[in-house]
Each structure stands twice: as structure tokens, then as C-alpha cells.
Amino acid sequence: MGEISVSDNKQWMTDRVSDSSWIQEFDSDPSEKEKCYINVAYPYPSGAMHIGHGRTYIVPDCIARFWRMRGRQVLYPMAFHVTGSPVIGISKRIARGDEKTVALYRDLYKVPPDIIDSFSDPLAIVEYFSDEYQRVMQRMGLSIDWRRRFTTIIPQYSKFIEWQYHHLYNQGRVVKGAHPVKYCPHCENPVGDHDLLEGDKADIIRFIFVNFEADDFQIPCATLRPETIYGVTNLWINPGVMYVRALVDGKFQLLSREAADKLSMQKHEVSITGELNGAALVGSMVSHPLCGSVRILPADFVDPDMGSGIVMSVPAHAPYDYIALLDLQKSGKYTDIFPIPLIEVQGYGEVPAMEAVNRAGVDHQLDPKMDQVTQEVYAAEFSRGKLLPICGEHAGKPVRVAREDLAEVMEREYGSIWFFDFDTHPVVCRCGSRAYVYILDDQWFLTYSDPEWKREVHHEIEKITFVPPEVRTEFDRTVDWLKDWACTRRVGLGTRLPWDQNWLIEPLSDSTVYMAYYTIAHQIGDIPAESLTPEVFDYIFLGRGDPQGLDRATLDTLRSEFLYWYPYDFRFSAKDLISNHLTFQLFHHRALFPDELQPKGMVVFGMGLLDGAKMSSSKGNVFLLDDAAEEFGEDTVRMFLVGSAEPWQDFDWRSDLVSSTRKQIDRFIGYIHESKKATGTNRIDAWLASRLQRRIVVATESLEYFQTRQALQEAFFGIESDLKWYRRRLPANMPGGSILQDLADVWVRLLAPIIPFTCDKLFGELGHGGPVSYAEWPEPNPGLIDPEIELAEELITRTVEDIESIQKIIPFTPSKVMLILAPSWKLEVFRRVATAEDRRMVTKELMKDEAMRKRGKEAANAIQQATKLIHGLPPGLVADICSLSFDEEVIFSEAASFLEEEFSVTIEIISAEESTHAKAGMALPFKPAIIVK
RNA sequence: GCGAGUGUUACCGAGAGGCCAAAGGUGAUCGACUCAAGAUCGAUUCCCGUAGGGGUUCGCAGGUUCGACUCCUGCCACUCGCACCA
């Protein structure tokens with residue numbers, strides 16, 4: 001009767017969610033109230049939401065609900081990021097019937113078949129899942145203002161992005177440059193690491209070609225160490241490889257076919273004119289102005305797929321070259337070639353490569369230690385090496401300087417070009433084709449490398465509130481580390497660059513200031529995009545100019561709405577976005593908005609695990625939020641997600657723990673229902689009331705600091721455990737006083753941000769009108785905090801624990817417990833010891849007292865005992881014992897019947913002075929001597 | 001490899017110089033209720049102990065201190081990021 005079970009509650013939730021007033025309950029407009037604007041990184045709706053996403057949106061929801069109850073005007077908006085190319089790939093795969101993709105959408109995301117068919121249109125995917133996201137978010141009770149929903153490809157938003165880039169361009173923050181990218185010639189598109197089948201860890205390395213002159217052509221050798229040209233003794237060519245002659249940028253060159261292919265991808269004119277076997281060149285002479293004539297020697301280790309396929313040999317400093325030369329010379333050939341040292345490095349003799357090889361005991365090229373030896377020599381020379389006199393004008397320079405200088409000389413004087421390649425092979429596109437390094441030469445960049453811009457962002461970071469505070473250093477490091485960012489793409493969905501329509505603005509670059517767009521999103525949806533000129537946005541966001549084509553009243557409304565909400569108070573996101581999105585948005589805000597509108601705070605989330613394993617849609621290791629809500633209930637899912645770990649910690653979804661969360665909610669409902677029957681008063685009511693005030697204080701502070709777990713610990717488990725003790729202390733068969741009704745009233749509000757559905761229903765049952773979402777957050781009543789009664793109760797609990805621990809080890813069933821209370825002079829000792837500046841001097845001090853001295857050894861013992869006791873007590877408790885008044889005799893007399901019942905014994909309370917028991921001397925303040933019989 | 005972080009008792013997770021054998025939750029065991037199961041409630045859950053005590057623990061190895069889970073050094077393991085990708 002009147003009890004709601006979980007299943008009833010579920011019906012309630014369903015009703016509540018389909019009730020449209022619930023949906024509009026959180027539409028939020030400027031008001032006289034203080035505002036609180038929080039927002040989250042919006043989702044890319046290419047698939048269904050899982051519990052990891054769930055937490056990302058539920059945590060801010062709890063915070064939003066908390067501040068709303070505290071009287072703030074809260075804005076929590078949501079939109080969908082639709083820019084980019086992933087859905088294009090997905091729709092192509094679905095269109096061609098790729099089984100893995102279709103299975104993912106059909107089986108895991110449970111998309112109906114006819115809808116999957118429509119997914120050959122990429123827009124259909126994002127539209128479907130945007131609606132799905134909204135549906136599930138509403139189901140979960142997220143307190144979002146849905147009027148402000150948009151996607152990033154609507155014309156109005158594009159106009160907003162145009163405004164943003166218009167400014168960035170004028171500020172010189174968007175510049176054109178060449179940029180090497182991983183590229184798939186088959187897809188005719190740059191490929192990101194996630195697009196790769198193999199080689200996703202491969203780095204792009206920049207080599208320089210050193211051109212050696214042969215009879216009627218050049219032989220380029222790729223190197224990272226152009227300074228070693230002074231020590232070249234020969235070239236290596238693979239005699240078993242067919243090389244090509246090619247016209248490269250108008251010059252005849254000989255190189256491997258692979259190298260020719262690669263060069264053609266790197267903005268070089270390459271036409272192949274013939275072939276030549278490597279063996280045919282062995283023994284011939286080539287020359288370079290900086291090293292003179294050298295011979296071409298055969299080497300099987302030369303890989304045509306590395307560099308140009310021909311290698312310049314510096315045996316004095318390159319262990320591979322040294323060993324290869326040695327091998328040849330063992331058979332008596334080329335014994336006239338000697339290593340030519342050009343670098344001196346501390347810790348090595350004249351020929352570092354030889355030394356390192358000998359030291360490592362390497363005697364042939366295939367030794368696995370070779371890579372390590374090479375690394376060692378390179379590192380030593382790079383960090384400590386200096387060029388020798390043989391290097392002419394570069395003599396004496398550190399290697400790291402000479403390297404750059406010589407590269408420049410090569411480029412300028414000797415026609416060298418840069419050559420890009422991967423550090424590891426192979427690199428294969430998802431389509432199965434080999435990927436190459438490709439030079440995009442008209443790519444647009446955001447100049448994040450600009451030192452002045454970085455400096456300004458660092459300055460903002462100093463002022464921002466970070467949760468948790470440790471992430472601040474990570475932001476600073478990211479700012480330092482950022483280079484220019486290629487901000488445009490050829491393919492995908494998005495906004496075109498206003499001044500260069502061939503390019504689209506890339507997804508991470510069109511999502512940096514949309515928090516400002518939210519503030520007006522619901523009001524500009526009806527304005528034709530053509531009217532939304534940069535001047536209009538200047539007026540709205542910067543309060544500048546006199547735009548035509550839109551009436552002033554509208555403009556002023558938009559302007560004031562923006563100014564009401566901005567700057568935002570907190571942005572929430574998972575920690576993996578620190579190194580790009582979260583930092584980018586600081587850069588953009590800094591570039592576009594004045595000081596007073598800069599971001600104020602950021603909350604960074606941990607990651608989600610599912611039964612201890614990382615969640616991953618592609619591996620099928622996900623649990624959909626919708627399914628979770630179905631199986632466990634919305635509030636259970638919410639409570640688990642915000643309560644199992646603090647937001648910034650990783651959380652692990654484990655079904656067994658989730659089930660017990662559900663029981664906890666049921667228990668809570670039970671307590672609230674029981675409270676309705678409570679009437680009258682009891683002695684311990686004041687204690688419960690006092691504790692409750694403290695719970696309110698801690699729960700409130702916790703939520704202010706985004707500690708959802710801590711808040712739940714206090715607001716649920718803390719109150720529950722108080723309640724358990726309270727009921728234990730109630731006289732037998734008493735139902736509990738009307739204090740329980742007050743507690744219920746507070747409790748329901750405290751948990752409302754976390755489990756809103758349950759609390760909303762209970763709130764109504766408790767006789768309140770209106771949704772709990774807008775109920776007042778409980779204020780602690782200082783008048784109800786009663787330290788003395790809490791102290792008295794503390795004495796009881798400690799004594800109960802002591803009796804229990806004695807009872808546990810005695811081998812008989814007790815029938816009587818004697819409590820021997822310490823005499824009042826011991827309390828005096830306790831207090832004086834506790835408050836003494838120097839505890840070692842206490843004995844002396846106390847013994848000055850005539851009354852003490854009369855007690856002699858007894859007093860000295862008491863001082864020692866008290867010192868030990870104080871040492872083992874929490875400092876706060878010691879302070880209370882010193883400052884508050886309490887009468888142990890009264891406290892125990894009042895608790896006697898409780899103790900008798902609790903232990904099924906008779907209780908005798910006696911003061912130490914009256915007792916002759918041997919233990920009577922053990923009695924101390926707050927620690928009576930206990931005798932169990 | 002580089003950058004940022006983390007490592008606590010069966011598990012998850014508090015604790016940040018003496019309050020600590022270390023909160024809370026989960027699981028497990030025992031007991032109460034019940035015809036029974038479930039739910040709920042109570043107790044126990046590092047080792048020893050016929051008295052509220054003692055012993056060994058907080059990734060590993062050292063160090064500072066009267067005293068370290070807490071501070072310092074080194075090592076090991078794990079997580080996140082490392083770029084054009086949401």
C-alpha cells in the first residue's frame with residue numbers, strides 16, 4: 001500500500017519522460033538570477049551512445065541540477081557535431097555492403113533495416129543518431145535546453161564559422177603552407193592514423209637529398225645527416241636492384257623506382273626515361289663538391305624502398321657503413337678506402353663507428369645489436385659532437401647546428417631537395433593500398449606555433465579553474481608543444497573557407513567557440529543565413545558596428561542574451577581532448593573575445609571501462625546507455641555513473657555493482673516511505689538532526705567542487721548510516737520521531753540532482769508541489785548543530801565498540817557489564833595534557849598543583865595514560881573533549897537501558913572512587929574501565 | 001621514445017607525517033526473518049589473543065624522521081595524449 005517498487009517507479013519514469021512539460025522544464029532564459037553556464041563537448045553522432053558517453057553528459061547534469069536548486073539560472077545546452085568525414089566512410093561501406101559495418105549498425109546499434117538502407121546517405125546517419133542521442137538523453141533525465149539544439153552544418157552555424165575565420169584570417173592566424181601528410185593514392189585523400197590498416201604509428205621523417213654527379217646524371221642519396229658529406233668515402237648501391245633513370249624537376253637522376261614514385265607524390269616533376277641495373281654502376285666514380293670523387297660499391301643491405309635506394313657511406317660515423325666496408329675489405333677488395341672522421345665526440349676516439357662496433361662485439365652486418373649501436377653513435381654525436389677542421393668553414397660547430405647549416409647549403413648551392421618518408425614500413429590504407437607521404441602545398445594552417453599567441457593562452461590558463469587541478473600542467477605542456485594546425489580539408493561535411501572555397505574547415509577547427517553560439521542558437525534558427533553577415537556577429541559578440549539588414553531590436557536581444565550567459569562557467573570533457581580540442585578552444589577564445597569573456601573553468605573526465613576492459617565500439621565491447629537504462633533503470637544508471645568514482649577518475653562499469661546500486665535506491669525509497677508514519681520525539685532526535693546538518697554541509701561542498709562521488713557518499717551512505725544508528729538507539733518498538741519527516745524532506749532534495757526521477761516522485765508524495773528540480777537546496781541550520789549531544793553519542797559508540805571487542809574474545813556469555821567512570825580530576829589531567837604546549841613538561845607543571853601532588857604516583861600514571869589516549873584519538877575529538885562540557889554519569893545512565901538491550905546484560909555504572917576493582921584505576925575520561933562478567 | 005597522471009587490504013575506492021589494520025561500497029561467511037528461495041536486517045571478513053591488546057601490511061628498493069600509506073631518490077607496472085582525427 002503506497003509502497004513503490006522499482007517496477008512502479010519505472011512506469012513513473014516512463015510517464016515522466018513522455019510528459020512534454022518535463023522536456024521543456026529546463027528551457028533557460030536570461031533572468032535576474034545569477035547565471036551558471038555549463039557545457040560539454042558535443043557528440044559526433046555516428047553511432048549509438050554507450051555508458052561512457054552517458055557519464056560524460058550525466059555528471060554535468062548533476063552539477064546543473066545542483067546549481068539550479070541553489071537558485072542559479074542554469075544553462076545546459078546540447079548540439080551535434082556533424083562536421084568531418086567519418087560518416088562519409090561509414091556510408092560508403094554500408095552502401096557497398098561491408099559486412100562488418102552493417103553488422104555493427106544492425107546488431108550492436110540495433111538500427112532498423114529500412115533505416116540502415118538510408119545510410120548510403122551520410123546525412124541520414126547523423127540525423128538518425130542525433131535524434132537517438134536526444135531521445136536517450138531525455139530518457140536519462142538530462143536537464144538540457146533543447147531549443148538550442150543545432151548541428152554544425154546548418155547554414156546559420158556556417159555563417160558563424162565564417163565570422164570566426166574572417167577574424168582569424170584578418171589577424172594573420174590562418175596562413176597557407178606546405179605540409180607532408182599520409183596519403184592514399186587510391187582514395188585520393190590524406191589518411192589519418194585511424195584510417196590505416198598498418199603503420200598507424202609511422203612517423204614522417206624529412207631527409208635531404210645529397211646529389212652526387214655521375215657522367216650524365218645525378219645520383220641522389222637521402223640522409224638525415226648532411227654534415228657527414230665531409231666524411232663520405234663511397235656510395236652503396238644494391239647490385240640486384242633495377243634502378244630507373246628519371247627526369248626529376250628537369251634534372252636527370254638515377255634512383256630506385258620506389259623513390260621516383262614517392263617523389264612524384266611530393267610536388268616534384270618526375271618522368272622515368274629508362275632503367276639501369278645496380279650492378280652496372282658498381283665501381284664507377286661519382287663526385288660532390290664537398291667530398292670530391294668517390295666510388296660506388298655494391299651492398300645487398302641497401303633497400304630500394306628506403307631513401308633514393310642509393311646510400312652515401314660514412315664509415316667513420318655510421319656503424320652500418322663501417323661494417324659493410326669491412327666485409328668487402330675482408331675479401332681483399334677496396335682496401336684503399338679508409339674511414340674519414342669529421343666529428344669529434346667526447347668518449348670516443350677518432351673513428352666512433354669502429355669503436356662502438358668493437359665495443360659491442362659486433363662483427364657482421366646482420367647482428368641484431370647493429371640498430372642499438374647505430375643509435376648510440378648518432379645520439380652521442382648529435383648531443384656532444386663537434387665538426388673537425390676537415391669541414392672547412394663549418395669546423396668547430398656542434399653537430400646539431402652544422403646539420404641545419406649544411407642542409408641549407410645543400411639546398412641553396414647544390415640543388416638538393418627534401419625527401420619525405422615514413423620511419424617504419426609498410427603503411428597501408430584501410431582500402432588496402434599502400435600509403436605515401438604526400439605534400440599538400442596549398443594547405444591552410446592555424447598558427448598555433450605563434451609565440452605571442454601561446455603566451456596569451458598560457459596567461460589565460462593561469463586564471464582558469466581546473467578540475468582536477470593537476471591537469472593545468474598538461475594544458476601548459478600542450479600549448480608549448482602545439483605546432484601549426486592544418487585546419488582545412490578537401491572532403492567531408494562542413495563549412496567552406498570563406499576566401500578559398502576549395503577548402504572545408506576541419507572538424508577540430510570549427511568547434512572551438514560554439515559555446516558562444518549556444519547562447520543565441522534558439523533565436524537565430526529562423527533568421528535567413530544570408531542576413532548573418534560577419535557584421536551581425538560582430539554586433540552580437542563584440543558589441544561593435546552598425547549592421548544593416550537585421551532590425552536593431554533583434555540584434556540587441558541576441559547581444560544581451562550572449563552577454564548574460566558569457567563567459568561560460570565550466571566546460572566538461574574527457575581527458576583525451578586536452579591535447580587538442582580543449583586547448584584549441586582556449587586559443588580561439590583568446591583570439592576572438594575580450595578579456596572578460598574568456599573561459600572560466602574546465603572539468604576533465606576520466607575514461608570508462610566495461611568489466612575492467614576498455615570500451616570500444618569497433619571491438620563490440622560496449623554497453624549502450626539505452627540498454628543500461630532498460631535493464632537497470634535510469635536513476636540506477638545515473639547514480640552508478642556519478643557515484644562509482646569521481647568524475648576525473650576512470651570508472652569501471654560492473655553489472656554486479658550496478659545491481660546493488662539499484663537496491664540502494666529501493667532502500668532509500670523505503671526509508672522515505674517509512675518516515676511518513678513517524679511522529680513524536682525521542683532523546684536521540686537532536687543527535688540525528690545535528691548529524692544531518694553536517695551531511696548537508698559536506699554534500700553541498702562536494703558538489704561545489706564537482707565531487708559527485710563524495711557527495712553521494714555523504715548524501716546517501718552517510719545519512720543511511722546515521723539513520724541506522726538512530727534506529728538502533730530508539731527504544732524498543734518505537735517507530736522513530738517526526739524528525740524523520742524533516743530528514744526525508746532534506747534527503748530527497750539532496751539526492752535530487754543524482755536520481756531525479758525517484759526524488760521527483762517522492763517529493764510529490766511528501767506533499768510538495770512542483771518538480772524537485774526547482775526545489776530549494778537544503779540549507780544547513782546551524783541552530784540544530786549540537787556538538788555536545790554528538791560528543792555524548794560518540795562516547796556511547798566508542799564504549800559499545802569496546803564492549804563488543806571484549807565480548808568477542810571472552811569464552812563465556814556475559815550477564816553483566818560494569819562501567820567504571822573516571823574521576824573528574826582525571827578529566828582535568830586530560831585537558832591539561834591535551835592543551836599543553838610542550839607535553840614533555842606536563843608532568844612537572846601539573847605536579848606544581850597541590851591537589852595533584854597529593855595523589856602522587858596515581859597522578860603521574862594518569863598523566864601517562866592520558867597522553868597515550870590523546871595520542872590515539874582524532875584531534876577534533878580531543879578538542880571537543882577539552883572545550884565541551886559533558887557528564888559521563890548522566891550520559892551512561894541515560895544509555896543504560898539501550899546498552900542492556902544491546903548486549904542482553906545488566907549494566908552497572910559506578911564511579912572509580914567508589915570501586916575497589918583492580919581495573920578501576922584504568923578508567924579515563926572518554927574511556928571508562930569495562931568489566932564484563 | 002616524449003609529455004601528463006596513477007599504483008591501498010578478495011574487488012572498487014577513501015586516506016596525504018602520529019587519529020590507520022586503514023572510511024564507504026561490493027563480494028564472501030555466519031545469524032535473524034521465511035515452508036523455501038529472494039529481498040531485508042544484524043555480525044564477521046590480514047594474523048594471533050579468555051579483556052578493549054599485540055604482530056605483519058598500503059607496487060619494489062633505499063633514504064629523511066622519535067615516528068612514513070603519507071615526504072625524498074631510484075626502479076617496475078598501468079592509464080591517457082603524441083596531430084590533421086572525432
Side-chain angles (χ1 to χ4, degrees), chain A residues 5 41-46 81-87 179 181-182 190-195 200-201 203-204 375 440 443 445-446 448 468 470-478 480-489 492 506-509 511 574-581 584 604 606-607 609 612 614 643-646 648-652 654 656-661 663-664 666-667 670 709-710 712-714 716-718 720-721 724 727-728 798-799 801-812 814 870-878 919 922 927-932:
Chain A
S5 69
Y42 48 23
Y44 183 79
S46 64
H81 196 203
V82 163
T83 319
S85 53
V87 282
H179 182 55
V181 293
K182 292 176 185 173
V191 283
D193 285 346
H194 56 281
D195 296 323
D200 59 324
K201 285 278 174 286
D203 264 335
I204 294 174
Q375 259 311 307
L440 290 171
Q443 173 65 269
F445 289 88
L446 281 162
Y448 294 139
E470 303 89 82
V471 298
R472 173 178 265 111
T473 55
E474 212 173 334
F475 276 91
D476 274 324
R477 298 304 301 219
T478 302
D480 289 338
W481 160 88
L482 272 175
K483 296 189 283 219
D484 287 351
W485 180 265
C487 63
T488 53
R489 287 302 106 83
E506 164 279 335
L508 282 174
S509 303
S511 57
K575 66 178 168 190
D576 53 350
L577 294 188
I578 294 176
S579 66
N580 48 51
H581 166 74
F584 289 4
V604 176
M607 313 300 283
L609 300 174
K614 213 184 290 186
S644 66
E646 297 295 5
W648 46 90
Q649 297 171 323
D650 295 347
F651 78 96
D652 188 5
R654 283 181 27 209
D656 53 339
L657 295 185
V658 181
S659 309
S660 60
T661 300
K663 289 180 203 158
Q664 287 153 3
D666 280 344
R667 232 152 59 214
R709 178 190 158 85
Q710 176 69 35
L712 190 66
Q713 289 283 324
E714 275 309 302
F716 182 72
F717 298 106
E720 187 185 35
S721 88
K724 280 184 179 169
R727 295 160 129 201
R728 195 171 161 188
R798 284 179 173 266
T799 306
E801 278 163 24
D802 278 353
I803 298 173
E804 277 171 348
S805 65
I806 295 167
Q807 201 181 27
K808 214 163 38 182
I809 48 174
I810 54 173
F812 56 91
I870 287 164
H871 205 63
L873 253 25
L877 180 58
V878 172
K919 283 204 148 228
M922 298 284 287
K927 199 165 180 65
I930 298 166
I931 293 135
V932 178

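Computation of the quantities below employed the complete heavy-atom set of this structure, encompassing side-chain atoms and omitting hydrogens, waters and symmetry-equivalent molecules. Chain letters run A, B, ... following the sequence lines, proteins first, then strands; residues in each count from 1.
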My understanding is that a pair needs two contacts under 3.5 Å, Watson-Crick or G-U wobble. By that rule, which nucleotide pairs with [N]?
N	result
C11(B)	G25(B)
A68(B)	none
A39(B)	none
A61(B)	U73(B)
U79(B)	A4(B)
G53(B)	C48(B)

If I pick the [atom1] atom on [M] and the same atom on [N], what distance separates them, to the nearest angstrom?
N	M	atom1	result
U70(B)	G31(B)	C1'	39 Å
U26(B)	C33(B)	C1'	24 Å
A83(B)	A22(B)	P	48 Å
C58(B)	G7(B)	P	14 Å
A16(B)	C69(B)	C1'	8 Å
U57(B)	C19(B)	P	16 Å
C30(B)	A23(B)	C1'	24 Å

Under 4.0 Å between a side-chain nitrogen and a carboxylate oxygen: does that hold for R654(A) and D656(A)? yes
Minimum heavy-atom distance between [X] and [Y], given as atom pair plus value:
X	Y	result
F651(A)	A645(A)	CB-CB, 4.2 Å
V471(A)	V604(A)	CG2-CG2, 4.1 Å
I578(A)	T478(A)	O-CG2, 3.9 Å

Atom-to-atom span, [atom1] of [X] to [atom2] of [N] - whole angstrom:
X	N	atom1	atom2	value
H81(A)	A86(B)	NE2	C1'	8 Å
I930(A)	U50(B)	CD1	C1'	16 Å
L712(A)	G24(B)	CG	C1'	10 Å
H179(A)	C85(B)	NE2	C1'	12 Å

Next item on the list: Scan R667(A) against the nucleic acid and name what it touches under 4.0 Å (heavy atoms): base, sugar-phosphate only, or nothing.
Entry: sugar-phosphate
Practice item. Pick base, sugar-phosphate or nothing for L508(A), based on heavy-atom distances below 4.0 Å to the nucleic acid. Key: base
Can you tell which of [options] lies closest to the side chain of [X]?
X	options	answer
W485(A)	A4(B), G42(B), C85(B)	C85(B)
K927(A)	A83(B), G53(B), A86(B)	G53(B)
Y44(A)	G25(B), A83(B), A86(B)	A86(B)
D650(A)	U79(B), A83(B), U26(B)	U79(B)
P190(A)	C85(B), G52(B), U26(B)	C85(B)
S85(A)	A4(B), A86(B), A83(B)	A86(B)
Q713(A)	A86(B), A23(B), G52(B)	A23(B)

Below the 4.0 Å mark, does U26(B) have OP1 or OP2 next to a side-chain nitrogen or oxygen of Q664(A)?
yes
- Message: Between S579(A) and C80(B), is there a contact of a side-chain N or O with OP1 or OP2 at under 4.0 Å?
- Response: no
* Asked: Is there a donor N/O on one and an acceptor N/O on the other, under 3.5 Å, for the side chain of N580(A) and the base of A86(B)?
  -> yes
